[in-house]
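Here is the structure we will look at, set down as structure tokens.
Lettering of chains follows the sequences in order, A, B, ..., and the numbering in each one begins at 1. All of these numbers come straight from a predicted model, not from anything done at the bench. Values below: every heavy atom of this structure, side chains too, minus hydrogens, waters and symmetry copies.
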Amino acid sequence: MKIYNTLTKKKEEFRPLDGNKVTIYACGPTVYDYFHVGNARVFITFDVVRRYFQYRGYDVKFVQNFTDIDDKMIKRANEEGITVKELGDRFIEEYFKDADALNVKRADIHPRATDHIDDIIEFIKVLIDKGYAYVVDGDVYFAARKFPSYGKLSGQNLEELEAGARVEPGEKKKDPIDFALWKAKKPGEPSWPSPWGEGRPGWHIECSVMAIKHLGETIDIHGGGPDLIFPHHENEIAQSEAATGKPFARFFMHVGYLNINNEKMSKSLGNFFTVREILKEYDAEVLRFLMVSSHYRSPINFSKELMDQSKNALERLYTALYAMDHLEKVTPVRPLNKEEEEYLKTQLENKDKFIENMDDDFNTAGAIAALFDMVREFNVHLNENSSREAVTKTKDLVLELGGVLGFFSKFQPVLLDEEIERKIKEREEARKAKNYALADKIRDELKAMGIILEDTPAGVRWRRA
RNA sequence: GGCGGCAUAGCCAAGUGGUAAGGCAGAGGUCUGCAAAACCUCUAUCCCCAGUUCGAAUCUGGGUGCCGCCUCCA
């Protein structure tokens, strides 16, 4: 497998550090609000990465944190008149509602920053002891200049960073490029006791601490949104490697932006859609399809038009799946003939194409093309006279590969209640009697109930709208 | 100012040296009582210029345009 590594800025062959085990840490949301479609892209991307590793037989340990203490959390909690803890609890719950809907599997561990205050304090102590951090009036800062390779991830050198660096009012850094590990308590803020006085952790330290605690000192893959490259991941590397003396992450993966009108979607620009509101209008899988239909490092210019296109494209896949399901009931059980063996061979080639694409830095767009190739092949070659085995194998294959991308969670053979079944039979009789007015009326009635009928040579096929 | 990314048909999107995957939309056709689904056919020389090469969307140089990071942000 090849993965593009932000550290080296090129695709590299990926091998886990430890045998078959792959450790992945993805930076999760700050839980002060519903997450937006741009956030969703990152969650879905790492979900696919994880699923694919598992599909290839790796033993994956996946950690995604919740940042539940920072300036935005404090601000929002004050606005709402609730505690930071209450705010975090609430939006973690809301996170899971949306993530579950998107069929994003839950991480093996979802650590919260506030559950790791003791670990964070211990970690900061180590950095101070080793001379990488210093205390000023209850704040603790990391001395970036002491870490020789600072800037290696973002490709910045110290002088340039210094030129652009800002010092917030009240900060007491010795050097503008230093960053806070611990912030002394200000009035009205939640705080924890520490050797440096009451205070709270800085942002970057939590991820270093939680990644190392749950996955070890060197993890295989670390990633998140592209705007985390600097300063967040840069700082994580510095802290972690300063403390442990070991490489922090072997691969860094960063997802492309999700834009609106070609501009970055962000809370601060206000040009965002929450997943919650998109799900009022579209099925969650449509959003997932959209995300996965382009390469994860390319920008996506999000729009309703794109959602509509994705919806139609996904429907082609589902229609084929329901057709397979139907054929599975009516086709004869007999050995494969020569053509069907050829057909299945072609389908296995399509499977190889899927895997080759995924092996190449998770080229989901190419993988989806293989899925469509598979569907066309099925539509062309299989019908009511085909061997049932050929149908079943196709269906299993499509479900298997689609599952790697997190598709088809909604696919289930449609069960009909007796009333609907009776109506379908009535319609069939009307058609035989050439009473098409009645037949069409029944079809319309069923459509209103969400059942779509399709007349095929193999009999009536139905699916839910 | 420093660093980086992107530019492929109406729309979306693969392809990083051998003469353009796939999807959506559109047009025509086949099938069908109709509809739906499906199938077939049609629609691009890859932003521009120059260069390297037998051969470039793919490499090099120069332009143009758009975007991002350097500051909280996925």
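An OP1 or OP2 oxygen of B:A25 is reached within less than 4.0 angstrom by a side-chain nitrogen or oxygen of A:N312. A:N363 has a side-chain polar atom (N or O) that falls below the 4.0 Å cut-off from OP1 or OP2 of B:G15. Side-chain N/O atoms of A:R297 include none lying less than 4.0 angstrom from OP1 or OP2 on B:C6. The phosphate of B:C73 (OP1 or OP2) has a side-chain N or O of A:W203 nearer than 4.0 angstrom. Using a 4.0 Å cut-off, some side-chain N or O of A:S298 falls inside it from OP1 or OP2 of B:A14.
If you take atom C1' in B:C40 and the same atom in B:C66, they sit 40 Å apart, rounded to whole Å. Look at the P atom in both B:A13 and B:C47: the space between them is 14 Å, to the nearest Å. With C1' as the reference atom, B:A57 and B:G17 are 10 Å apart, rounded to whole Å. Rounded to a whole angstrom, the distance from the P atom of B:C6 to that of B:C59 is 10 Å. Spacing of C1' atoms, B:A44 relative to B:A50, comes out at 24 Å, to the nearest Å. Look at the C1' atom in both B:A20 and B:A36: the space between them is 33 Å, to the nearest Å. When the C1' atom is used for both B:G15 and B:U71, the distance is 38 Å, rounded to whole Å. One P atom belongs to B:A7, the other to B:U60, and the distance between them is 15 Å to the nearest Å.
Geometric assessment of A:R297 against the ring of A:Y4 yields a positive cation-pi assignment under the 6.0 Å and 45° thresholds. For A:K267 and A:Y32, the positive end sits near the middle of the six-membered ring, less than 6.0 Å away and at most 45° from its axis.
Of the candidate nucleotides B:G33, B:C39, B:A14, B:A14 has the atom nearest to the side chain of A:H295. Listed nucleotides: B:A14, B:C12, B:G33. Nearest to the side chain of A:R427: B:G33. Checked against B:C72, B:A74, B:A14, the side chain of A:P231 finds its nearest nucleotide in B:C72. Listed nucleotides: B:C39, B:G33, B:A21. Nearest to the side chain of A:N379: B:C39. Residue A:Q309 places its side chain closer to B:C12 than to any other of B:A14, B:C40, B:C12. Comparing B:C39, B:G33, B:A36 against the side chain of A:E454 picks out B:A36 as the nearest. With B:G22, B:C73, B:C69 as the candidates, the nucleotide lying closest to the side chain of A:F230 is B:C69. For A:L258, the listed nucleotide lying nearest its side chain is B:A74; candidates were B:G23, B:A35, B:A74. Residue A:A439 has its side chain nearest to B:G33 when only B:A13, B:C73, B:G33 are considered.
Between A:N262 and A:Q156, the residue anchored nearer the 5' end of RNA chain B, judged by the nucleotide with its closest heavy atom, is A:Q156. The 5' end of RNA chain B is approached more closely, in terms of each residue's nearest nucleotide, by A:K11 than by the other of A:K11 and A:P29.
Under the Watson-Crick or G-U wobble criterion, with both distances below 3.5 Å, B:A9 is left unpaired in every strand shown. Nucleotide B:G1: paired with B:C70 (Watson-Crick or G-U wobble, both distances less than 3.5 Å). Pairing for B:C31 is absent, judged as Watson-Crick or G-U wobble with the two contacts each under 3.5 Å. Across all strands shown, B:U45 forms no Watson-Crick or G-U wobble pair with both key distances under 3.5 Å. Using the Watson-Crick or G-U wobble rule with both distances under 3.5 Å, B:U16 pairs with nothing in any strand shown. The pairing partner recorded for B:C59 is B:G51, the criterion being a Watson-Crick or G-U wobble arrangement whose two distances lie under 3.5 angstrom.
Donor-acceptor pairing under 3.5 Å, judged by distance alone, is absent between the side chain of A:D70 and the base of B:C72. Between the side chain of A:R316 and the base of B:G23 there is no donor-acceptor pair of N/O atoms closer than 3.5 Å. For a distance-only test at 3.5 Å, the side chain of A:D227 fails to qualify as a donor-acceptor partner of the base of B:G68. Not a single donor-acceptor pair, N or O on each side, falls under 3.5 Å between the base of B:A36 and the side chain of A:R461. Side-chain to base pairing of A:K264 with B:C73: one donor and one acceptor N or O lie within less than 3.5 Å of each other. Judged by atom type and distance alone, A:E263 does not reach the base of B:C67 through any side-chain donor-acceptor pair under 3.5 Å.
Taking the ring centroids of A:F362 and A:H295, they lie at or beyond the 6.0 Å cut-off.
Proximity of A:I24 to A:Q64: side-chain heavy atoms (C-beta onward) are nowhere separated by under 4.5 Å.
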side-chain contact (heavy atoms from CB on, under 4.5 Å), that's the test. Do A:R112 and A:D89 meet it? Break it down for me.
CA-CA 10 Å; A:R112 293 175 67 156; A:D89 287 347; 2.7 Å; yes
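Remark: ring of A:Y436 stacked against base of B:G33; centroid gap under 5.5 Å, plane tilt under 30°.
For the ring pair (Phe, Tyr, Trp, His ring centres under 6.0 Å) test, no residue two or more places apart in sequence or in another chain qualifies with A:F147.
Within 4.0 Å of A:S266, counting heavy atoms only, lies at least one base atom of the nucleic acid. Across all strands shown, A:K353 has heavy atoms under 4.0 Å from sugar-phosphate atoms exclusively, and none from any base.
Using a cutoff of 4.0 Å between basic side-chain nitrogens and carboxylate oxygens, A:E234 and A:K152 are not scored as salt-bridged. Here A:K173 does not pair with A:D175 in a salt bridge; the nearest charged N to carboxylate O distance is not below 4.0 Å.
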